[in-house]
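Have a look at the structure below, then the notes.
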Amino acid sequence: MAGEPQADCLFCKIVAREVPATVVRETETTLAFRDINPQAPTHVLVIPKAHYPDAASLAAGAPELAADVLREAGAVAVEEKTAGSGYRVVFNTGSGAGQTVFHAHAHVLAGRGLEWPPG
Ligand code: AMP
Ligand code: ZN
């Protein structure tokens, strides 16, 4: 069923605390934790606790939860004191775009110059 935990999903395991993570924020519906392989001084992942494979399926299946993720991405940027200087929120979607974990997640990147267009 949409949103149900998936046994083989790394981020569902982080939500269940079966895999450790450096959690920076948590709400009833979302979790934010530091990326294990940071690409910028601030690199935090914000995920819905419920399992949706990507941002589009999250937005279609649970729009209020997609809004929670976006709100939390902003809250992370404020907490990391990067909101003033600018930050980037990225949803890689599909393996061709670099998605490797198929549980929707927003990358919050900040703390260095962020080129445009991104690579
Ligand atoms: P993506 O490539 O967009 O699917 O993003 C997946 C992200 O998850 C990558 O940036 C990885 O570095 C990160 N990642 C993988 N395993 C872990 C983990 N155990 N804890 C935190 N971040 C992770
Ligand atoms: Zn999952």
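What's counted below: heavy atoms across the whole structure, side chains too, no hydrogens, waters or symmetry copies. For ligands, and for the atoms within them, numbers begin at 1 and follow the listed sequence.
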Kindly state each residue pair satisfying ring-ring contact (aromatic ring centres under 6.0 Å, His included) with at least one member in residues 56-103, sequence neighbours excluded.
->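 Qualifying pairs, neighbours excluded: His51-His103.
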Tell me, which pairs form a ring-ring contact (aromatic ring centres under 6.0 Å, His included) where one or both residues lie in residues 1-40, sequence neighbours left out?
->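 The answer is Phe11-Phe33, Phe11-His105.
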Report yes or no: does [X] contribute a side-chain atom to a donor-acceptor pair with the main-chain N or O of [Y] at less than 3.5 Å?
{"X": "Arg88", "Y": "Pro118", "result": "no"}
{"X": "Glu26", "Y": "Val24", "result": "no"}
{"X": "Glu18", "Y": "Lys13", "result": "no"}
{"X": "Gln99", "Y": "Ala97", "result": "no"}

Less than 4.0 Å between a side-chain N and a carboxylate O, is that true for Glu72 and Lys49?
->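 Salt bridge: no.
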Charged N to carboxylate O below 4.0 Å: is that the case for Glu80 and Arg34?
->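 Looking at Glu80 and Arg34, the cut-off is met.
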N/O contact list for ligand 1, threshold under 3.5 Å:
{"residue": "ligand 1", "atom": "2 (O)", "partner": "Gly98", "partner atom": "O", "Å": "2.7"}
{"residue": "ligand 1", "atom": "2 (O)", "partner": "Thr100", "partner atom": "N", "Å": "3.4"}
{"residue": "ligand 1", "atom": "2 (O)", "partner": "Thr100", "partner atom": "OG1", "Å": "3.0"}
{"residue": "ligand 1", "atom": "3 (O)", "partner": "Asn92", "partner atom": "ND2", "Å": "2.9"}
{"residue": "ligand 1", "atom": "3 (O)", "partner": "His105", "partner atom": "NE2", "Å": "3.0"}
{"residue": "ligand 1", "atom": "3 (O)", "partner": "His107", "partner atom": "NE2", "Å": "2.8"}
{"residue": "ligand 1", "atom": "4 (O)", "partner": "Thr100", "partner atom": "N", "Å": "2.7"}
{"residue": "ligand 1", "atom": "4 (O)", "partner": "Thr100", "partner atom": "OG1", "Å": "3.3"}
{"residue": "ligand 1", "atom": "4 (O)", "partner": "Val101", "partner atom": "N", "Å": "3.0"}
{"residue": "ligand 1", "atom": "4 (O)", "partner": "His105", "partner atom": "NE2", "Å": "3.1"}
{"residue": "ligand 1", "atom": "5 (O)", "partner": "His105", "partner atom": "NE2", "Å": "2.9"}
{"residue": "ligand 1", "atom": "5 (O)", "partner": "His107", "partner atom": "NE2", "Å": "3.3"}
{"residue": "ligand 1", "atom": "10 (O)", "partner": "Asp35", "partner atom": "OD1", "Å": "3.3"}
{"residue": "ligand 1", "atom": "10 (O)", "partner": "Asp35", "partner atom": "OD2", "Å": "2.5"}
{"residue": "ligand 1", "atom": "12 (O)", "partner": "Asp35", "partner atom": "OD1", "Å": "2.5"}
{"residue": "ligand 1", "atom": "22 (N)", "partner": "Ile36", "partner atom": "N", "Å": "3.2"}

Scan side-chain atoms only and decide if Thr27 and Thr30 contain a donor-acceptor pair under the 3.5 Å cut-off.
->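 Result is yes, a qualifying pair exists.
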Listed protein N/O/S atoms, distance to the Zn ion (ligand 2) under 2.8 Å |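 For the Zn ion (ligand 2), the protein N, O and S atoms that sit under 2.8 Å away are Cys9 SG, Cys12 SG, His51 ND1, His103 ND1.
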